[in-house]
Undergrad: 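Quick one: this structure, given as structure tokens, is what I'll be asking you about.
Just so it is clear, the structure is predicted and the values come from calculations on it, not from any experiment.
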Amino acid sequence: ADPDPGTTLTFSAASDNADISATVSGSQLTVNASANFFGSGNVVVTASDGSLSVTDTFAVTVNAVNDAPEVSPAIADVSFPEDGSATTDLNNHVSDVDNSAGEMTWAAEVLSASGTVTKDGRTREVTPADLTVSIDGGNVATYSATADSNGVFTVKFTVTDPGALSDTDTVTVTVSSQNDAPFVTAAISDVAFNEDEGPVTAAADLNSNFADPDPGTTLTFSAASDNA
């Protein structure tokens, strides 16, 4: 206030902290802070009648609040061969203004799957359970799939900070098919026949004795004797 009747005061404000701003519009004083800043500072308000002035100083405290983590940069899609594995260092894919990457907790969920598993001559469709994503204490994710399986899986990663805020990212994991060795399904029985009465048929159809785990494979056969 001014003791002289009819005097119009003008106001200005200044902060001693660059992350705290003080703005005067007419007679209204507004205080704000930079994004993600917490801490304290002082604001000095000056009132002037044009020739004389007075100041008042008050403290400003900006309280810390937990900010959610972000999956950044996005986790890259993953590919590895059938019966192989792959890894991703998840610490390279999180940003949090309040906490370090090592303080984050990660979880993985396999959402969908398409492809096949062939075992002992039998083929079935893969399911999400055929892909395992394990995350160790260093936040390294390891991907592995059921033996002899191949296909495409969708995996959702969730990162959670100590304050229980989280973010998610979805990646595609491709397990590429590899050539698997054929195997014996039914051993050929030993053969005995009389002198000069050969040849005899030892196996009418060798496809009944051998199979290949890779669907659609056509086997070729050969035979050799250890007796000339």
Undergrad: Minimum heavy-atom separation for F80 to A86, with atom names?
TA: CD2-CB, 3.8 Å
Undergrad: Provide the closest heavy-atom pair for V97 versus D67 in the form atom of the first, atom of the second, distance.
TA: CG2-OD2, 3.4 Å
Undergrad: Measure across L165 and A68 and return the closest heavy-atom pair with its distance rounded to 0.1 Å.
TA: CD1-N, 3.6 Å
Undergrad: Find out whether T88 and I75 are in side-chain contact, i.e. whether some heavy atom of one side chain is under 4.5 Å from a heavy atom of the other.
TA: yes
Undergrad: Could you report the tightest heavy-atom contact between Q178 and E82, atom names first, then the distance?
TA: N-OE1, 3.2 Å
Undergrad: Looking at D16 and G41, would you say the former's side chain and the latter's main chain have a donor-acceptor pair under 3.5 Å?
TA: no
Undergrad: Would you say CZ of F58 has more than 12 non-hydrogen atoms from neighbouring residues, nucleotides or ligands within 6.0 angstrom?
TA: yes
Undergrad: Tell me, do V45 and L29 make a side-chain contact under 4.5 Å, heavy atoms counted?
TA: yes
Undergrad: Quick one: pull up CZ in F11 and OG1 in T46 and give me the separation to the nearest 0.5 Å.
TA: 10.5 Å
Undergrad: Nearest heavy-atom pair of N150 and V126: which atoms, and what distance?
TA: O-CG1, 3.8 Å
Undergrad: Is any side-chain heavy atom of V200 closer than 4.5 Å to a side-chain heavy atom of V191?
TA: yes
Undergrad: Does a side-chain heavy-atom distance below 4.5 Å link P69 with T160?
TA: no
Undergrad: To check you understand the geometry: which heavy-atom pair defines the closest contact between A13 and V43, and what is its length?
TA: CB-CG1, 4.2 Å
Undergrad: Going through the checks in order, is the side chain to side chain contact (heavy atoms under 4.5 Å, CB included) test met by T168 and V71?
TA: CA-CA 7 Å; T168 63; V71 179; 5.9 Å; no
Undergrad: Name the orientation class of the two ring planes belonging to W106 and F157 (parallel below 30°, tilted from 30 to 60°, perpendicular beyond 60°).
TA: perpendicular
